[in-house]
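One structure is given below, encoded as structure tokens.
On a predicted model such as this, the values are computed, not experimentally measured, just so you know. Per chain, numbering begins at 1; letters A, B, ... match sequence-line order.
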Amino acid sequence: MNVDELRSGLTTLAAQVDVEPATVAADAHARLARVDRLVARARRLRVAAAAGAAVAVVSAAGLVASELPRDSATPPASGLSTVEDNGVSLYASPAGGVLVGHVVGDPGARTLTLTVTPKSLDLAWSVECANATASDGPLPRRSPDEFSLSVNGHPISSGSCDDVIDRTPMNADSYFGFGAPKGNVVGWRDLGLRVGQPSTFTVRRTSPTTEGRNPQLALGLWQRGPQNHDSGVWYPHELIVDGATYVSESISTDPFAARRAAISVRIGTQYDRYWITGGAERLDGGNGVLQVGDGAMAALDATGGAELGAGYKPPHDPVPVTFRSHHHATVSGLLYAIVYHPLDGP
Amino acid sequence: VTADADAMADEGRAIATDSNRQVFEAFVVARSPRLLRTAYLLTQDRGLAEDLLQTALARAWRSWGRIETSPEAYVRATLANTYASWWRRRWNGELPSADLPDHPAPDPGDQPAAHELRDALRRLPKRQRAVVVLRYFEDQTEAETARILGCSVGTVKSQASKALAKLRVDPALADDDPRSEGQR
């Protein structure tokens, strides 16, 4: 295949996604409606957080779940050690991990750099950007700033700044390789990291400065804690949810090839709260939607996976973790559900 | 006087917002089919392409009044970078959604050649796939591709070279005709 053939092939392949000309306008308006819902949903999350409501719960996996079950466990007070930096907290040793580097800028700073010399490449990061000056006033109509994260000149991720400061300590919530330590190490190696050699992370605000707004950037880097490997799934032995450490006690898996799949997990009564994580991996043949209980849902991607969690207080009926495909397609993959209980129970 | 001034300021903002909205809606109607094509080449999946495009458009709308480049360039860059950040993380921070795309999936059996190219693209690392899509579908220059992906021109060149080399030897695209060898 030469370049001309590639160009032609890409055009042909891309045309598969076209719709009939008569439906282009209706298609665009349906898309606009969904875009508006996405924007409104993000705004509701910010409003809820600003009001101090317990709606916006961030799971240990870092997925914002806006519609958690009403009987979600009440978050206990945190006794975990943290590091304070310029008004921002970071967990020092979350779930057996170790904070290996952090940098928090002054409000309004446009660039942060952090140079670390890792002893291990099983690393996880977290980056935040919050508008410090907007937290006490009315929320602006639009998210004002965006940022990007790179290491050794290679982009890692980008995102929008929040309009309010998240007072929850920063935690190791992003990494590579579907949780497998080896895959995570490969991901970091691809970005030029080497054990014993310095690497430089850069967080940069990518949007123009807006008068009256002074977002604060923060970056944390952790060596991950122990991971379990059961039934083909890698998952953290411990989780931190709302300042409490949870320990995994069981995993259920279901290799499926269907339009729908479900696992029902029981929670015990020994502890006063449980956390259930549901996920799907190795999807082939399409994508779909994952749901834990009757609460939060997440779209899955076709070649990766996703995970989300929800808290429950016993006694409680068995909690379903379900997958349903888009387009009623038959999709194969591995569905799983993990039950966690508090480390310091009951 | 202050109240009047505030009211006028509010009215001015409302007019500006209405005007922006009309431009944004016209942009979505006119350009989203093309952008959806790009998203589809990146994701190889109709439903995910729609998710990716909607995410990029939502981000564009939140920044609409501050976009300094062309809106299409902004959305294209957001598509490429969101795609990269989605799939580099196990848990990618997507907003929970119950909305399902309402289009049937294309039948890959309809166009065998396209299906084979899709399989071959799927085997490329994500950054290489993004470079291929931006360079050979979007016809972006090496410099513009580098700017979109936040890397150097040299990286774009090397990633494109590696991607083309992989596509040439991909079994799905294998060509036994020796006459085409000179073009490779």
Side-chain angles (χ1 to χ4, degrees), chain A residues 1-3 6-7 9-14 16-19 24-25 28 31-32 34-35 37-39 41-42 61-67 142-143 146 148 150 153-158 160 174-176 178-179 187 207-208 286-287 289 296-299 301-302 304-307 326-327 329, chain B residues 25 28-29 32-33 36-37 40-41 43-49 51 53-55 57-59 61-63 66 68 81 84-101 103-106 111 113-114 117-118 122 133 136-137 149-152 167-168 173 175 183-184:
Chain A
M1 170 173 277
N2 60 39
V3 169
L6 175 60
R7 290 183 194 277
L10 288 171
T11 301
T12 302
L13 178 58
Q16 287 190 345
V17 81
D18 286 353
V19 297
V24 167
R31 187 171 295 125
L32 269 170
R34 297 191 193 109
V35 168
R37 284 203 291 274
L38 279 176
V39 173
R41 197 191 304 267
L63 181 80
V64 178
S66 64
E67 299 164 39
R142 297 176 189 169
S143 179
E146 295 179 352
S148 66
S150 61
H154 302 288
I156 298 178
S157 68
S158 59
S160 296
S174 299
Y175 43 86
F176 304 119
F178 291 91
S207 49
N287 61 352
V289 171
M297 308 175 82
D301 68 54
E307 185 174 281
H326 288 172
H327 319 305
Chain B
E25 290 184 1
V28 172
V29 171
S32 60
L36 184 63
R37 285 178 162 206
Y40 179 61
L41 290 178
T43 62
Q44 314 287 298
D45 180 271
R46 168 72 199 235
L48 188 59
D51 288 347
L53 177 57
Q54 289 167 23
T55 300
L57 289 172
R59 184 171 292 180
W61 172 233
R62 293 201 302 265
S63 305
R66 300 185 307 279
E68 295 179 334
N81 286 306
S85 61
W86 266 12
W87 288 10
R88 278 186 165 170
R89 297 170 60 164
R90 181 185 190 190
W91 299 302
N92 48 37
E94 293 164 295
L95 289 171
S97 169
D99 301 328
L100 296 177
H103 294 278
Q111 301 184 51
L117 178 57
R118 183 171 61 182
R122 194 174 281 169
V133 172
Y136 303 118
F137 177 69
L149 296 176
C151 61
S152 68
L167 290 175
R168 283 171 185 143
L173 301 174
D175 184 353
Q183 300 177 2
R184 296 183 179 183

Problem set entry | Check against side chain to side chain contact (heavy atoms under 4.5 Å, CB included), A/Gln16 and B/Arg118 | CA-CA 11 Å; A/Gln16 287 190 345; B/Arg118 183 171 61 182; 4.0 Å; yes
For this session: Could you check B/Phe137 against A/Leu13 for side chain to side chain contact (heavy atoms under 4.5 Å, CB included), going step by step and ending with a plain yes or no?
Result: CA-CA 10 Å; B/Phe137 177 69; A/Leu13 178 58; over 6 Å; no
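Across every non-hydrogen atom of B/Ser32 and A/Arg31, the tightest pair is OG-NH1, 2.7 Å.
Using a 4.5 Å cut-off between heavy atoms, B/Leu41 contacts chain A through its side chain alone, with no backbone atom that close.
Comparing A/Thr11, A/Leu32, A/Leu6 by how many heavy-atom pairs each has under 4.5 Å with chain B, the most go to A/Leu32.
In this structure, the separation between OH on B/Tyr40 and CG on A/Leu10 is 12.0 Å, given to the nearest 0.5 Å.
Taking 4.5 Å as the limit, every side-chain heavy atom of B/Val28 sits out of range of all side-chain heavy atoms of A/Val35.
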